[in-house]
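Presented below is the structure to which this report refers.
Below, chain A is the first sequence line, B the second, and so on; all start at residue 1.
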There are 2 protein chains.
Amino acid sequence: MTNAKNPLAPLLANLEVRTPLGEEDRQAILALPYTLKTLEPSTYTVREGDPPDRCGVLVSGFAYRQKLTGDGDRQIIAIHIPGDATDFQNSFLEVADHSVQMLTRGDVAFIPRGAIQEIVRSRAAIAHAILIKILVEASIFREWVLNVGRRNARTRMAHVLCEFALRLEAEGVAGRNGYELPMTQEQLADALGLTPVHVNRVLKGLEADGLIKRSKRNVSFPDWERLRQVGDFNQRYLHLERQSSGQEMRIPQR
Amino acid sequence: MTNAKNPLAPLLANLEVRTPLGEEDRQAILALPYTLKTLEPSTYTVREGDPPDRCGVLVSGFAYRQKLTGDGDRQIIAIHIPGDATDFQNSFLEVADHSVQMLTRGDVAFIPRGAIQEIVRSRAAIAHAILIKILVEASIFREWVLNVGRRNARTRMAHVLCEFALRLEAEGVAGRNGYELPMTQEQLADALGLTPVHVNRVLKGLEADGLIKRSKRNVSFPDWERLRQVGDFNQRYLHLERQSSGQEMRIPQR
DNA sequence: CGTACGTTTGATCTTTCTCAATAATGGTGG
DNA sequence: CCACCATTATTGAGAAAGATCAAACGTACG
């Protein structure tokens with residue numbers, strides 16, 4: 001594998017979590033043009049209102065999507081982990097409707113918008129893989145609407161902790177034992193629609209009940225199953241099973 | 001226009017709001033196979049957990065997406081208006097991660113999953129139009145996360161009232177003067193992450209302040225601009241401007 | 001004209017927010 | 001390595017938005 005160091009390898013791995021690709025398609029992805037940049041925390045990848053001309057791919061590090069209310073209150077809409085592309089939407093829409101910022105320091109490969117459009121046009125399997133990625137992201141948004149709209153603070157928190165665990169696991173970065181969570185309690189609050197003070201209390205509560213352990217930014221889960229229950233977490237919305245290529249017949253159900 | 005009565009005409013109009021199509025593509029859409037059914041309120045179009053095999057198109061009537069918590073609390077994730085397709089996601093994912101139900105009585109044209117996949121494969125412009133639709137829907141989900149996560153009850157309510165107005169207007173069904181809102185206060189509550197009681201109070205508050213007028217299910221807006229402000233509403237996320245085809249060069253910005 | 005569903009209202013309770021202060025922690029320059 | 005500064009985390013006390021409970025009131029329609 002001469003590709004081990006290709007900065008786009010994480011993107012390829014990311015897409016192949018759900019939609020395995022053929023060798024030609026894999027090479028096509030790894031051959032995409034890009035500009036690599038190391039970005040500091042809170043640097044913008046996309047800014048709301050900008051006409052987007054490129055798509056960022058997280059080679060390393062974490063990022064988040066956010067929107068602001070008129071009063072300046074922030075809501076974090078999604079967290080992105082290494083391998084995620086942050087701007088597929090922006091490769092097809094005319095204006096960014098929200099911003100993406102780095103959560104940690106990290107390397108981002110910027111692929112020109114035109115190159116994304118071109119590969120989608122010329123390679124059906126890749127178009128399909130990207131579409132699936134977009135649809136799964138939308139599914140996560142839906143779950144977040146539910147999470148923020150209908151669950152209490154403790155459940156909400158447990159739920160996102162579970163979500164991150166499974167997403168990191170799928171990416172092979174970490175797992176449901178625990179991981180390094182690179183978010184401040186304030187950021188967590190903005191992701192959950194809570195205040196930092198309350199996030200702190202909820203975290204302490206979960207810890208007191210033996211559902212999580214914390215040291216610095218590291219969280220671990222002594223009893224995954226119980227956490228899953230407390231978080232009302234069902235992984236279906238992550239669509240982690242392999243998706244059919246869309247070319248093949250579905251097996252008739254009975 | 002011999003197509004005036006084609007049940008798929010609303011779908012075509014819906015897609016062409018953002019992505020005008022050529023004559024061949026238009027005919028291809030109108031020629032899609034479908035089964036037409038009249039559904040009563042609360043009938044399911046898709047059910048969470050089902051392996052989806054078709055895509056519903058609202059010919060007339062309204063529908064909503066919903067998810068439930070483990071406790072049975074409901075969150076409405078989106079409202080769909082005539083012309084909307086309710087299941088593009090399901091044409092590409094293996095399992096429905098949420099349910100769609102009729103809000104009102106209405107006619108739904110069910111298009112087989114395979115036909116959607118086929119038209120997307122064979123007609124680039126249609127694939128593009130559907131992709132844009134999917135992306136705009138995702139954008140609306142993001143706005144809802146913000147709405148439910150960071151805005152107070154009154155602002156939340158005003159915001160969705162504005163959103164519906166503009167979406168109905170784009171579809172040519174109604175406008176920002178007012179419209180028939182076919183939702184009970186309980187459904188509104190489930191869409192906003194509130195209780196029905198509080199929704200009632202918020203509505204009365206908005207009415208008392210002259211921001212809305214109500215009679216039965218009809219709402220009208222005596223002062224759109226003020227409602228817009230109260231609702232912290234900025235239509236950018238609806239992406240109502242025409243989208244470029246993705247084939248053409250973007251005009252350089254300055 | 002009675003039943004079911006939706007709306008409205010009042011009274012009270014809870015979760016979460018706000019405000020304010022104190023304690024850790026991490027990184028920096030010397 | 002140490003003192004210092006800026007974040008971030010933690011804690012307490014009081015306030016508020018919205019939830020809950022309970023009941024009455026409308027209205028559509030069979």
Side-chain angles (χ1 to χ4, degrees), chain A residues 40-42 62 64 69 71-76 101-105 147-160 180-208 212-219 230 232, chain B residues 40-42 62 64 69 71-76 101-105 147-160 180-208 212-219 230 232:
Chain A
E40 295 303 315
S42 94
F62 292 71
Y64 61 93
T69 65
D71 301 342
D73 287 342
R74 175 173 71 169
Q75 176 70 40
I76 289 178
Q101 282 177 272
M102 294 302 289
L103 197 49
T104 63
R105 183 174 216 276
N147 205 35
V148 166
R150 280 294 183 228
R151 296 205 258 247
N152 65 27
R154 157 179 262 243
T155 308
R156 250 183 250 187
M157 174 67 79
H159 192 279
V160 298
E180 213 61 40
L181 182 66
M183 297 174 77
T184 66
Q185 293 181 5
E186 186 175 13
Q187 290 164 337
L188 229 21
D190 286 340
L192 296 172
L194 299 171
T195 54
V197 171
H198 202 58
V199 162
N200 183 277
R201 290 180 172 134
V202 167
L203 283 173
K204 303 210 79 183
L206 289 173
E207 190 164 33
I212 65 173
K213 263 188 220 154
R214 297 182 298 158
S215 69
K216 319 250 169 159
R217 292 286 166 75
N218 187 290
V219 261
V230 167
D232 188 24
Chain B
E40 295 303 315
S42 92
F62 292 71
Y64 60 94
T69 64
D71 301 342
D73 286 343
R74 175 173 70 169
Q75 176 69 41
I76 290 179
Q101 282 176 272
M102 293 303 288
L103 196 50
T104 63
R105 184 173 216 276
N147 205 35
V148 166
R150 282 291 183 230
R151 295 204 258 246
N152 65 30
R154 156 180 264 242
T155 308
R156 250 183 250 186
M157 175 67 79
H159 192 279
V160 298
E180 213 61 39
L181 181 66
M183 299 175 77
T184 66
Q185 292 180 9
E186 186 175 14
Q187 290 163 335
L188 228 23
D190 285 340
L192 296 171
L194 299 170
T195 54
V197 171
H198 201 58
V199 161
N200 183 276
R201 291 179 172 137
V202 167
L203 283 173
K204 303 210 78 183
L206 290 173
E207 190 163 32
I212 65 174
K213 264 188 221 156
R214 297 181 298 158
S215 70
K216 318 250 170 160
R217 291 286 166 76
N218 188 289
V219 262
V230 167
D232 188 25

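With rounding to the nearest 0.5 angstrom, the CZ atom of A:R156 is 8.5 Å from the NE2 atom of A:H198. Here the OG1 atom belonging to A:T104 is positioned 11.0 Å from the CZ atom belonging to A:R217, to the nearest 0.5 angstrom.
Residue B:R105 qualifies as open at atom CZ: its count of foreign heavy atoms under 6.0 Å is 12 or below.
In terms of position along DNA chain C, the nucleotide closest to B:R217 lies nearer the 5' end than the nucleotide closest to the other residue of the pair A:N152 and B:R217. When the nearest nucleotides of DNA chain D are assigned to B:V202 and B:V197 by heavy-atom distance, the more 5′-ward of the two goes with B:V202.
Atom pair A:K204:NZ and C:dT16:P shows a separation of 18 Å (rounding to whole Å applied). Atom pair A:E186:CD and C:dT18:P shows a separation of 12 Å (rounding to whole Å applied). Atom CD of A:Q185 is separated from atom P of C:dA24 by 15 Å (rounded to the nearest Å). Atom NE2 in B:H198 sits about 18 Å away from atom P in C:dT14, given to the nearest Å. In this structure, the CZ atom of B:R151 is 19 Å from the C1' atom of C:dC17, given to the nearest Å. The distance between atom CG of A:N200 and atom C1' of C:dT16, rounded to the nearest whole Å, is 14 Å. The distance between atom CZ of A:R154 and atom P of C:dT16, rounded to the nearest whole Å, is 11 Å.
Among the protein residues, B:R214 comes within range of the sugar-phosphate backbone only, with heavy atoms under 4.0 Å from sugar or phosphate atoms but none that close to a base.
No hydrogens or angles were tested; on distance alone, a donor-acceptor pair under 3.5 Å links the side chain of B:R201 to the base of C:dG10.
Considering only heavy atoms from C-beta on, A:L188 stays 4.5 Å or farther from A:L194 through its side chain. Using a 4.5 Å heavy-atom cutoff, the side chains of A:D232 and A:N147 are not in contact. For the pair A:Q75 and A:T69, the minimum side-chain heavy-atom distance is 4.5 Å or more. In this structure, B:D190 and A:R150 have side chains that are in contact, with non-hydrogen atoms separated by less than 4.5 Å.
For DNA chain D, none of the residues of residues 187-195 of chain A falls under the heavy-atom distance limit of 4.0 Å.
Bracketed by its first and final contacts, the part of DNA chain D lying under 4.0 Å from non-hydrogen atoms of chain A reaches from D:dT8 to D:dA13 in 5' to 3' order.
A pairwise comparison of heavy atoms in B:A153 and B:V202 identifies CB-CG2, 3.7 Å as the closest pair.
Under the 3.5 Å distance criterion, with hydrogens and angles disregarded, no donor-acceptor pair is assigned to the side chains of B:N218 and B:S215.
Remark: A:K216 is not in phosphate contact with C:dA24, judged by side-chain N or O atoms under 4.0 Å from OP1 or OP2.
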